Undergrad: 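I am attaching a structure below and will ask some questions about it afterwards.
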Amino acid sequence: MSSSNNDFLQALRQLLGPAQVRVGADAAAFERDWRKRYTGRALAVARPGSTAEVAALLRLCAAHQVAVVPQGGNTGLVGGSTPDDSGTQLLLSLARLNRVREIDAANLTMTVEAGCVLQAVQEAAAAQGLLFPLSLAAEGSCTIGGNLATNAGGTQVLCYGNTRELCLGLEVVTAAGEVWNGLSGLRKNNTGYDLRNLFVGSEGTLGVITAATLKLYPQPLARMTALAACDSLEAAVGLLSLAQARAGSGLTGFEVMNAFSLSLVRRHFPQLVQPLPPSPWTVLLELSDSESEAHARALFEGLLEAALEQGLIADAAVAESLEQSHALWHLRESIPLAQSEEGLNIKHDIALPVSRIPAFVTHTDAALQAAFPGVRLVDFGHLGDGNLHYNVQAPEGQDPALFLREREAAVNALVFDAVQAHGGSISAEHGIGRLKREELARRGDATALDLMRAIKKALDPQGLLNPGRVL
Ligand code: FAD
């Protein structure tokens, strides 16, 4: 280690206390991403406990020209939250900034620190009889800072929007170590450029989010959940239109799963009951109601009957209790884990206009089979907001790691060309990180990329915040 690194670490220990600076084996858990695709080596892991400590730490990094990789729950899927292997980047863990600062029930807002785990935020809201509606399978570990930095989506976007729509204000530490206090519970505030929306989705490359003011909602009085079997994706899209027409904003979940993704759940988690026999597509739909249980049930059952009559669904299983509803969601949420048990695959988190999804899938499935015979498609996602996880698994019996290494570039080119031809986006909710940086440079709008580079230069002139990610 160079003497300047030694000076830096000594100053860091003085700032945070020795226990909050980890090196060597103590840093290992922070250095590898959730998918086990990226393993790096950090100069150290720093665990500040307050916004003031984060600011002092960034001033120290600026003075020593040390690059910083912010990390929340480390559940990100694009390689944004772990250091490279140079051993020179400081990993900044926000985990100790985990206080709920305020809940303002009358204003329907809460202010929380960036390291709060999403589930803890949901629970704090629920304890006041309120709802924080962001929900995703990683909610037991991901943090609100990470959710904001990636503009996470999840399962209720069709009703409540992405994390961006759930955020009213931010507190951010800049690359120079200054604190911007933009915490505000205002729903109207047109006072110049929207800095909040600049930092949301910036993946740690423009500033470190230390706290946020979030929108809350009344808890619905009743929820109805069901699985429905569809013979085709066209039928699933038809069911979505019918559900939106009948339930309006009461439709809070509409997920789709192809037969192969549920077969992986059956193979790796045989203990999970699947109430419907296998069908080409299975939809998980949920309706939330603020009137009454009886009203919700009548609406839901009427919807499913109409869908059966119109031939949109072949069968349905309605959850009769909260427990059964959780079990249905658990099936859907087990797909990412089941596919990681099956081995590495080539992931595509894509967005398309809902109306174009059936044509996209028909065309791209056929093109992939022609180019890579036997590939298996783990195709599932948030159909209600046009977001598919269109993941390509090696043919049965082939080494998944080898397939990934040898075929990833060609598979990506085929899939992303099709996404662009159908008017879609190469990243719906996971972000760019390291995984899609070159793809963004290749496919992004040239003017947009120039503007992004100019913003990055203005906010982080030394290029110390999460270098090598996004741009
Ligand atoms: P991390 O992984 O720690 O970091 C993610 C990025 O944000 C990195 O670039 C990091 O540098 C930056 N960052 C983290 N904290 C801060 C901060 N305080 N300030 C500035 N930058 C910061 N995502 C979805 O959108 N929808 C889903 O449905 C979904 N499902 C998932 C299911 C599973 C099983 C898993 C493992 C992941 C899933 N994800 C999903 C991806 C992931 O959970 C989200 O991206 C989440 O928002 C990341 O939060 P985190 O705290 O783990 O962030």
Side-chain angles (χ1 to χ4, degrees), residues 30 32-38 48 51 54 58 67-83 89-98 112-121 134-157 162-164 166 170-175 198-212 253 255 329-330 332-341 347 349 351 380-382 385 387-389 427-437 460 465-470:
F30 299 83
R32 188 201 263 197
D33 75 317
W34 189 87
R35 288 176 66 195
K36 305 188 178 64
R37 239 197 115 155
Y38 298 98
T51 301
V54 174
L58 285 184
V68 179
V69 180
Q71 188 181 94
N74 197 18
T75 66
L77 299 175
V78 291
S81 56
T82 49
Q89 301 186 331
L90 180 74
L91 195 141
L92 166 53
S93 166
L94 279 301
R96 289 180 62 230
L97 271 76
N98 60 0
V112 303
E113 293 183 344
C116 280
V117 169
L118 173 55
Q119 195 174 328
V121 174
L134 182 65
S135 174
L136 46 139
E139 64 199 21
S141 340
C142 65
T143 62
I144 204 70
N147 302 147
L148 287 157
T150 58
N151 186 26
T155 57
Q156 306 212 47
V157 172
N162 295 292
T163 309
R164 184 184 300 286
L166 297 171
L170 284 182
E171 179 186 86
V172 173
V173 179
T174 68
L198 198 53
F199 289 110
V200 173
S202 66
E203 300 184 47
T205 63
L206 298 182
V208 176
I209 298 167
T210 48
E255 302 285 308
W329 276 106
H330 191 48
R332 156 65 184 85
E333 286 166 356
S334 299
I335 295 173
L337 292 170
Q339 54 174 4
S340 71
E341 290 293 312
K347 288 200 190 323
D349 159 48
F380 66 102
H382 317 297
D385 46 84
N387 176 193
L388 280 188
H389 300 307
S427 178
E429 60 176 9
H430 294 163
I432 297 295
R434 265 185 280 182
L435 186 69
K436 293 186 182 167
R437 193 175 68 130
D460 179 21
L465 291 179
N466 227 357
R469 323 300 152 102
V470 184

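In each ligand, atom 1 is the first atom listed, and ligand 1 is the first ligand listed. What you see below is based on every heavy atom in this structure, not just the backbone, and it leaves out hydrogens, waters and symmetry mates. These numbers were taken from a predicted model, which means no experiment stands behind them.
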Undergrad: Between V208 and ligand 1, is there a nitrogen or oxygen pair with a distance under 3.5 Å?
TA: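 In this structure, V208 places no N or O atom under 3.5 Å from an N or O of ligand 1.
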
Undergrad: Any idea which atoms of ligand 1 are less than 4.0 Å away from a heavy-atom of A137?
TA: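 Listed by number with element: 32 (C).
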
Undergrad: Can you list the ligand 1 atoms lying under 4.0 Å from a non-hydrogen atom of N466?
TA: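 Near N466, meaning under 4.0 Å from one of its heavy atoms, ligand 1 has 9 (O), 11 (O).
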
Undergrad: I need the atoms of ligand 1 closer than 4.0 Å to a non-hydrogen atom of G207, numbered in the order shown.
TA: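 Heavy-atom distances to G207 below 4.0 Å select 20 (C).
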
Undergrad: Suppose I only count heavy atoms of N147 and a 4.0 Å limit; which atoms of ligand 1 are within that range?
TA: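 Those of ligand 1 that fall under 4.0 Å from N147 are 46 (C), 47 (O), 49 (O).
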
Undergrad: What protein heavy atom is closest to atom 5 (C) of ligand 1, reported as residue, atom name and distance in Å?
TA: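 Ranking protein heavy atoms by distance from atom 5 (C) of ligand 1, first comes T150 CG2, 3.7 Å.
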
Undergrad: In the protein, which heavy atom is nearest to atom 41 (C) of ligand 1, and how far is it?
TA: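 Here the nearest protein heavy atom works out to T75 O, 3.7 Å.
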
Undergrad: Under 4.0 Å from a heavy atom of A138: which atoms of ligand 1 are those, numbered in the order shown and with their elements?
TA: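 Near A138, the atoms of ligand 1 are 32 (C), 33 (C), 35 (C), 37 (C), 43 (O).
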
Undergrad: L94 to ligand 1: N or O pair under 3.5 Å?
TA: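 Between L94 and ligand 1 (N or O atoms, distance only) the closest approach is not under 3.5 Å.
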
Undergrad: The criterion is ring-ring contact (aromatic ring centres under 6.0 Å, His included); which residues satisfy it with H430, sequence neighbours excluded?
TA: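 If we apply the ring-ring contact (aromatic ring centres under 6.0 Å, His included) test to H430, skipping adjacent residues, the hits are H389.
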
Undergrad: Does the side chain of L118 reach to within under 4.5 Å of the side chain of L134, using non-hydrogen atoms?
TA: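 They are in contact (side-chain heavy atoms under 4.5 Å apart), so the answer is yes.
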
Undergrad: For the 3.5 Å polar cut-off, considering only N or O atoms, please tell me whether N74 and ligand 1 meet it.
TA: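 Yes, at least one N or O pair falls under 3.5 Å.
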
Undergrad: Which atoms from ligand 1 have a heavy atom of H382 less than 4.0 Å away?
TA: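 Close to H382: 28 (O).
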
Undergrad: Could you tell me whether some N/O pair between A149 and ligand 1 is separated by less than 3.5 angstrom?
TA: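 A149 vs ligand 1: no N/O contact under 3.5 Å.
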
Undergrad: Do the side-chain N and O atoms of N74 and S81 include a donor-acceptor pair separated by under 3.5 angstrom?
TA: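 Result is yes, a qualifying pair exists.
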
Undergrad: How far is atom 29 (C) of ligand 1 from its nearest protein heavy atom, and which residue and atom name does that atom have?
TA: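 Ranking protein heavy atoms by distance from atom 29 (C) of ligand 1, first comes L136 CD1, 3.6 Å.
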
Undergrad: Which ligand 1 atoms does A114 reach within 4.0 Å, using its non-hydrogen atoms?
TA: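 Those atoms are 18 (N).
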
Undergrad: Please determine if P336 has a nitrogen or oxygen closer than 3.5 Å to a nitrogen or oxygen of ligand 1.
TA: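 Min N/O separation from ligand 1 is not below 3.5 Å for P336.
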
Undergrad: Going by the rule side-chain hydrogen bond (donor to acceptor under 3.5 Å, both in side chains), which residues pair with Q119 if we only count those two or more places apart in sequence or in a different chain?
TA: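 E123.
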
Undergrad: I'd like to check whether C142 has a polar contact with ligand 1, where a contact means an N/O of the residue lying under 3.5 Å from an N/O of the ligand.
TA: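 No, no N or O pair falls under 3.5 Å.
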
Undergrad: Against heavy atoms of G204, which atoms of ligand 1 measure under 4.0 Å?
TA: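 Per the distance check, 20 (C), 21 (N).
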
